[in-house]
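Single-structure report; data block below.
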Amino acid sequence: MAGLLPLDEAQARLLALAEALPIETIAVAEAGGRWAASDIIARRSQPAADLSAMDGYAVRHMDLPGPFRIIGESAAGKGFPGSPGAAEAVRIFTGAAVPEGADTVIMQENCAREGDTLRLTAQPPAPGRDIRVRGSDFSEHALLVARGARMTPAAIALAIMGGHGTVPVHRRARIALISTGDELAAPGAVTGPHQIPASNGPMLAAMLRSTGCDVDDMGVVGDDLDSIKGAVDAARRHDVILTIGGASVGDHDLVKPAFLACRATLDFIKVALKPGKPLMAGRLANALVLGLPGNPVSAYVTCFLFALPLVRKLMGAATPLAPVLPLPLGAAMPAVGNRTEFIRGKIEDGRALPFRNQDSAALALLAEAAILIRRNAGAQAVPAGTIVDTLRLD
Ligand code: AMP
Ligand code: MG
């Protein structure tokens, strides 16, 4: 068990503990937010035929500028069986198959029809104009969604357009949340001077649910070993047991002793991170355990940096860590101590602007924050305009 672990190493070690959960095959329509468990390959080309991109008339380009004789119609879902010969045109609608032999569509705004005769009223279109060529979106056998990519709304549409009705995904991770603290009161309860509302559980549950996992908020347990141990034991069947609070080394910080009493093995207990130094991770039978600090901002930041990537990895994400957005700083920032810092801030005029107050209990500013600005352990002071790594909160 190491002492104060560098952030990147701690994240890598946590993710190394996690293996993707079993695969299930579900309807593509139900797969939103999951991660593809295998490459999704096109079973058809799209479009499957040359289609018109406009309402108009399909002709042979060599016959322009016309006039043309209209010999039939091709509408979406029902094509035109014949093919236009010299100076012949086929009425065509958006999404309809271009008849054999035609190679250009004249949009209807650029021509005039009189009975069966069609005359151009504008410059002739270029060859191939307003035709979506067969396979121009994707061809059969093309890779549509790579294994480990998220099933975004567009990926759902793409998989379905590629001929898939079902898709293999990893099952949803099941997360147990346990809040610890004698001072914690239920949301909405009247609080005495020694109490505070237990806000972390619902906050982290909401963050975790954004990954599509199932969250069991097991509520609050007091600061005594048996209660915490009992809650951890009761959570054994989950994929991740996530505790909040009681993670440091004070007399009332009993999460580590409780984990050990439940026969968990801990991989690390402290990370060189601000906020969020006391942070434990390990394994308890088939579950992973993650002990986060109780200060609301620390809990938020460590959930963002550790719990969310862990859940994404369990659910099969190829890139479980949050993407980095480099931005120029909107203000100078001081040198950094021996812990990597994440500073709450916002984006203003394309620049990352740190908030002045970085109190790790201040929720009003957390709710206003749009980004976390990353400053590495040991970094020098930097002037405004320096490019820094940021993480977007949303
Ligand atoms: P701890 O990590 O248990 O020492 O808690 C650090 C600070 O966070 C204390 O001020 C706690 O009252 C507060 N805290 C702990 N758990 C929660 C929670 N679930 N919701 C809100 N605040 C909490
Ligand atoms: Mg506590």
Side-chain angles (χ1 to χ4, degrees), residues 4-5 7 10 14 175-210 215-232 234-235 238 240-262 264 266 268-282 289-308 339 341-342 344 357-369 393:
L4 206 59
L5 260 196
L7 172 69
L14 176 67
I175 318 299
L177 268 185
I178 302 167
S179 302
T180 70
D182 285 336
E183 76 281 29
L184 300 178
V190 177
T191 49
H194 302 296
Q195 289 184 302
I196 66 163
S199 57
N200 283 342
M203 173 175 73
L204 298 200
M207 291 172 78
L208 290 160
R209 286 188 181 118
S210 73
V215 180
D216 238 342
D217 188 344
M218 301 177 67
V220 173
V221 293
D223 288 313
D224 73 274
L225 188 59
D226 284 343
S227 306
I228 301 174
K229 199 168 154 269
V232 171
H238 291 77
V240 180
I241 304 170
L242 209 164
T243 63
I244 309 165
S248 355
V249 289
D251 290 346
H252 301 285
D253 293 317
L254 297 168
V255 168
K256 183 181 160 200
F259 279 157
L260 294 178
C262 291
L266 294 179
F268 58 85
I269 56 167
K270 276 187 201 160
V271 179
L273 173 65
K274 189 176 170 186
K277 174 171 76 168
L279 180 76
M280 293 174 260
V289 296
L290 193 58
L292 305 186
N295 264 314
V297 177
S298 311
Y300 184 99
V301 169
T302 51
C303 179
F304 191 85
L305 294 175
F306 287 86
L308 298 188
R339 292 188 277 158
E341 293 184 15
F342 285 85
R344 280 148 286 152
N357 179 357
Q358 294 291 327
D359 178 353
S360 64
L363 281 174
L365 277 177
L366 179 62
E368 248 183 69
L393 307 174

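Order of appearance sets the numbers: ligands from 1, and atoms from 1 within every ligand.
- Below 3.5 Å of separation, one finds no N or O of P296 facing any N or O of ligand 1.
- In this structure, the side chains of F306 and L273 come closer than 4.5 Å at one or more pairs of heavy atoms.
- Distance check, rounded to the nearest 0.5 Å: CZ of R339 to NZ of K277 gives 5.0 Å.
- Atom CD1 of I269 and atom CZ of F259 lie 12.0 Å apart (nearest 0.5 Å).
- Listed by atom number, the atoms of ligand 1 under 4.0 Å from A198 heavy atoms are 20 (N).
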Quiz: residues 289-305 side-chain donor-acceptor pairs under 3.5 angstrom, not counting sequence neighbours:
{"unit_1": "T302", "atom_1": "OG1", "unit_2": "S298", "atom_2": "O", "d": "2.6"}
{"unit_1": "T302", "atom_1": "OG1", "unit_2": "A299", "atom_2": "O", "d": "3.2"}

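- Pairing each heavy atom of N357 with each of R344, the nearest pair is O-NH1, 4.4 Å.
- Under a 4.0 angstrom heavy-atom cut-off, P197 registers as being in contact with ligand 1.
- Looking at E183 against ligand 1, only its side chain comes within 4.0 Å, counting heavy atoms.
- Below 3.5 Å of separation, one finds an N or O of G294 facing an N or O of ligand 1.
- Closest protein heavy atom to atom 21 (C) of ligand 1: S199 OG, 3.4 Å.
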Show which side-chain atoms of residues 175-199 pair as donor or acceptor with protein atoms under 3.5 Å away, not counting sequence neighbours.
{"unit_1": "T180", "atom_1": "OG1", "unit_2": "I244", "atom_2": "O", "d": "3.0"}
{"unit_1": "T180", "atom_1": "OG1", "unit_2": "G245", "atom_2": "O", "d": "3.4"}
{"unit_1": "D182", "atom_1": "OD1", "unit_2": "D223", "atom_2": "N", "d": "2.8"}
{"unit_1": "Q195", "atom_1": "OE1", "unit_2": "G192", "atom_2": "N", "d": "3.0"}

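- Residue contact annotation: G181 has no non-hydrogen atom under 4.0 Å from ligand 1.
- Side-chain atoms of D216 never come within 3.5 Å of backbone atoms of M218 as a donor-acceptor pair (strictly under, hydrogens ignored).
- When all heavy atoms of R209 and V215 are compared, the closest pair comes out as NH2-O, 3.2 Å.
- Looking at N200, L184, D253, T180, it is D253 that brings a heavy atom closest to atom 4 (O) of ligand 1.
- Among all non-hydrogen protein atoms, the one lying nearest atom 22 (N) of ligand 1 is I196 CD1, 3.3 Å.
- Atoms of ligand 1 lying under 4.0 Å from any heavy atom of G246, numbered from 1 in the order shown and given with element: 1 (P), 2 (O), 3 (O).
- Of the polar atoms of S248, none of the N or O atoms is found under 3.5 Å from an N or O of ligand 1, judged by distance alone.
- Nearest protein neighbour of atom 6 (C) of ligand 1, counting heavy atoms only, is N295 N, 3.6 Å.
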